[in-house]
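All values below were derived from every heavy atom in this structure, side-chain atoms included, with hydrogens, water molecules and symmetry-related copies excluded. The structure displayed is predicted, hence computed values, not measured ones.
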Amino acid sequence: MDTHELLALLVRHREQLRQWLDEDQYRHFLAMTERLREVGDDPERAGMAVMAIVRALWPVPDEAGVLAELLHADHRSIVTATTVPTPEAVLAALEELYAAPAAGEPDRTEAETADPIAADPVAADPVAAVIAAARRRLLTAPSRAAAPVGTPAAGDGPADVIVLADPEDGPRSPEFQFDPDTGQPRDIVVRINRILLADRDPWGAADWWLGRNSWLGGPPASLLGRVPDDRLADAALALVEEGGR
């Protein structure tokens, strides 16, 4: 099963899922989806995670169409044919699923619920759609204009500071990277950015810093100065060693 297509399917039906699953069932479904963040590059682990997601959908009614069909699919083939999702795709999907309104909350406006493919051609490609959503989310974090190469605020090497390409504002550097007193890159941020190869994959590095982290109990960027630097570095090393980046 193409895991990116599954994630896109779940995101498209997130509001119906909140209707079909009660609060405990939806929390369990989210917990099973979180497992995709731990699979690294192992297709078998990805298959087992997808199987856990499918099993969490058991309360979905038969009239749910393709979602209901998943419950009656050949489970062995699901496990053996699952593709490994990109970390960006998983994080983007989880962001949407966590934000889905619960039953009884106001519905989205007609503009917000318009056909995403008609409104944005990139939505026709499930992988491109979830990656684009992840990047939009990352660009909403506080940031500053990227410092010119060779200046202290740019660091000593290309991987020292994350630089994201904002289509509207140009190169931006997420603000959490800088010491609020000196304006220079934090030593621990530079250390971890090098581990994460931020020059090769700035979006993935930013996702690690700004996304939920079950090992640390919160987004790493929010824990700067609150947990030991070595613990943050160990979490980044563990991700790289497991092949999750």
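Under the 4.0 Å criterion applied to side-chain N and carboxylate O atoms, Arg18 and Glu23 are assigned as salt-bridge partners. Taking the charged nitrogens against the carboxylate oxygens, Arg172 and Asp169 have no contact shorter than 4.0 Å, which rules out a salt bridge. The pair Asp199-Arg194 does not count as a salt bridge, with every side-chain nitrogen at least 4.0 angstrom from each carboxylate oxygen. The existence of a salt bridge linking Asp166 and Arg136 is excluded, since no basic side-chain nitrogen approaches an acidic carboxylate oxygen closer than 4.0 Å.
Residues Leu9 and Val50 share a single hydrophobic cluster, defined by chaining ILVMFWY side chains whose heavy atoms lie under 4.5 Å apart. No continuous path of hydrophobic side-chain contacts links Leu164 to Leu91 [ILVMFWY only; heavy atoms under 4.5 Å].
Atom CZ of Arg35 sits about 11.5 Å away from atom CE of Met51, to the nearest 0.5 Å. Rounding to the nearest 0.5 angstrom, the gap separating the CZ atom in Phe176 from the CZ atom in Arg186 is 9.0 Å. Rounded to the nearest 0.5 Å, atoms CD (Gln25) and CG (Leu57) are 10.5 Å apart. Atoms CG and CG, from Leu97 and Leu30 in turn, are 6.0 Å apart once rounded to the nearest 0.5 Å. Here Thr86 contributes atom OG1 and Leu7 contributes atom CG; the two are 8.5 Å apart, rounded to the nearest 0.5 Å. Here Leu237 contributes atom CG and Asp230 contributes atom CG; the two are 10.0 Å apart, rounded to the nearest 0.5 Å.
Nearest approach of Pro148 to Ala154, heavy atoms of both residues: O-CB, 3.3 Å. When all heavy atoms are compared, the tightest approach of Ala56 to Met32 is CB-CG, 4.1 Å. Contact detail for Leu36 and Pro85: the closest heavy-atom pair is CD2-CG, 4.2 Å. For Glu96 against Arg14, the heavy-atom pair with the smallest separation is O-CD, 3.5 Å. Closest heavy-atom contact between Ala141 and Leu210: CB-CD1, 3.9 Å. Between Arg12 and Gln16, the closest heavy-atom pair is O-OE1, 3.9 Å.
More than 12 heavy atoms of other shown residues, nucleotides or ligands fall within 6.0 angstrom of atom CG in Asp22. Counting non-hydrogen atoms of neighbouring residues, nucleotides and ligands closer than 6.0 angstrom, the CZ atom of Arg200 reaches no more than 12 such neighbours.
Under the 4.5 Å side-chain criterion, counting only non-hydrogen atoms from C-beta, Trp208 is in contact with Pro220. Counting heavy atoms from C-beta outward, Val163 and Pro171 have side chains that approach closer than 4.5 Å. Within the 4.5 Å cutoff, the side chain of Glu15 has no heavy atoms near those of the Gln19 side chain.
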*Apply side-chain hydrogen bond (donor to acceptor under 3.5 Å, both in side chains) to Asn193 and Gln177, showing your working.*
CA-CA 9 Å; Asn193 282 347; Gln177 300 178 101; 3.1 Å; yes

*For salt bridge (Lys or Arg N to Asp or Glu O under 4.0 Å), just list the numbers for Arg231 and Asp234, CA-CA rounded to whole Å, side-chain angles, deciding distance to a tenth of an Å, and then say yes or no.*
CA-CA 5 Å; Arg231 186 180 177 198; Asp234 286 345; over 6 Å; no

_Is there a side chain to side chain contact (heavy atoms under 4.5 Å, CB included) between Ile192 and Trp209? Walk through the geometry before answering._
CA-CA 9 Å; Ile192 290 175; Trp209 279 108; 3.5 Å; yes

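A side-chain N or O of Glu34 and one of Tyr98 form a donor-acceptor pair less than 3.5 Å apart.
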